[in-house]
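Owing to the predicted nature of the structure, the values given are computational and were not obtained by experimental measurement.
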Amino acid sequence: PLADFALLHAAEWRVGTSDFDAAVADGTRVGADPALAPALDLVMADALAGKGDAGGAAARLRAYLARERHPPKWVALTLRLAEMLLRRPGQAHAEEAIALARRVIEESPRGAGAGDARDIEKRALGTLPFARRKRFEHPTSDELLRQAKNLVASHQPKEALAAAAKLLRLPRAKKGD
């Protein structure tokens, strides 16, 4: 209802004035209206990040990005989440940051944000031990095929051709008896 809309806007305003505790308080009082959920996730992510709760902010960004394949501002928010994860040590965070960076590289319209995503991917790979990093540095034929298809769909023909060329250079699998 109207009260939820007012609380959401109050939380947005409080984030803008750096009153993060009050923004979280207002945001938690917003009802479960599905129409407000995406905007609430974003304002709560900002408020929680402002309070220093990177885990809570990351959870809200994940929730927002999971609602649709490419919601509004998905490239910038995906990069923001990946950066947030890199600031928190751990292999799981580094691997998630790599996956997010690759999603931007492969799916962003005409490669928007791909340069930043490659930088994130490189830094995340650098934090992984060799055994874990190897899996990301040597994609399977299925991964290369998916990558090529995504690059074509996102209007990145040069990159799609490069992925297809890597796929063609892979050794052929032996046929069963």
Side-chain angles (χ1 to χ4, degrees), residues 34-46 48-49 53-177:
L36 298 179
L40 181 60
D41 281 334
L42 293 179
V43 75
M44 290 296 286
D46 288 340
L48 292 167
D53 182 357
R60 286 299 194 144
L61 286 174
R62 283 185 195 102
Y64 176 81
L65 293 168
R67 291 185 196 288
E68 299 175 45
R69 185 71 185 148
H70 297 130
K73 302 180 186 178
W74 76 270
V75 172
L77 293 169
T78 301
L79 293 172
R80 179 179 170 196
L81 175 56
E83 286 284 359
M84 202 178 287
L85 292 168
L86 277 182
R87 287 192 288 273
R88 301 175 72 207
Q91 289 182 14
H93 290 142
E95 290 179 3
E96 185 179 359
I98 291 166
L100 291 166
R102 288 190 174 174
R103 180 176 175 206
V104 169
I105 291 165
E106 295 174 14
E107 298 178 22
S108 64
R110 302 195 193 299
D116 292 335
R118 283 187 187 88
D119 178 58
I120 290 168
E121 178 186 37
K122 181 179 178 182
R123 288 186 289 134
L125 283 168
T127 67
L128 293 176
F130 177 76
R132 302 284 290 200
R133 189 173 54 234
K134 187 176 178 182
R135 175 173 69 97
F136 293 101
E137 292 175 336
H138 303 288
T140 66
S141 59
D142 288 342
E143 291 168 335
L144 285 171
L145 180 59
R146 185 205 74 241
Q147 182 182 32
K149 286 180 178 181
N150 286 340
L151 290 164
V152 167
S154 64
H155 306 287
Q156 299 181 62
K158 290 179 185 176
E159 293 81 0
L161 285 172
K166 288 180 190 174
L167 180 61
L168 292 172
R169 286 193 300 268
L170 288 178
R172 290 195 175 161
K174 294 182 180 178
K175 294 185 179 182
D177 294 336

Quiz prompt | With sequence neighbours excluded, residues passing side-chain contact (heavy atoms from CB on, under 4.5 Å) with Lys158 | solution = none

Self-check item: Atom of Ala94, atom of Leu128 and distance for their closest heavy-atom approach
Solution: CB-CD2, 3.8 Å

Practice problem: Identify, with sequence neighbours excluded, every residue that meets side-chain contact (heavy atoms from CB on, under 4.5 Å) alongside Pro34. | Solution: none

Quiz item: Does Glu107 have any salt bridge (Lys or Arg N to Asp or Glu O under 4.0 Å) partners at least two apart in sequence or in another chain, and if so, which?
Solution: Arg69, Arg103

Listed pairs under 3.5 Å, donor-acceptor, residues 108-118 side chains, sequence neighbours left out:
from, atom 1, to, atom 2, distance (Å)
Ser108, OG, Val104, O, 2.7
Ser108, OG, Ala112, N, 3.2
Ser108, OG, Ala112, O, 2.8

Exercise. Report the residues that fulfil side-chain hydrogen bond (donor to acceptor under 3.5 Å, both in side chains) with Glu159, sequence neighbours left out, ordered by chain and then residue number.
Key: none

Self-check item: Qualifying residues under ring pair (Phe, Tyr, Trp, His ring centres under 6.0 Å), relative to His70, sequence neighbours excluded
Solution: Trp74

Practice problem: Please name all residues satisfying side-chain contact (heavy atoms from CB on, under 4.5 Å) with Leu77, sequence neighbours left out, ordered by chain then number. | Solution: Leu42, Leu61, Tyr64, Leu65, Lys73, Arg80

Quiz item: Applying salt bridge (Lys or Arg N to Asp or Glu O under 4.0 Å), which residue pairs with at least one partner in residues 144-155 are found, sequence neighbours left out?
Solution: Glu106-Arg146

Self-check item: Those residues that, when tested against Asp53, pass salt bridge (Lys or Arg N to Asp or Glu O under 4.0 Å) (two or more places apart)
Solution: none

Quiz item: Taking only residues two or more places apart in sequence or in another chain, which ones pass side-chain contact (heavy atoms from CB on, under 4.5 Å) with Arg169?
Solution: Ala165, Lys166

Sequence neighbours left out, cut at 3.5 Å: what donor-acceptor pairs do the side chains of residues 81-89 make with other protein atoms?
from, atom 1, to, atom 2, distance (Å)
Glu83, OE1, Arg123, NH2, 3.1
Glu83, OE2, Arg123, NH2, 2.6

Practice problem: Could you list the residues that satisfy salt bridge (Lys or Arg N to Asp or Glu O under 4.0 Å) with Glu137, not counting sequence neighbours? | Solution: Arg133

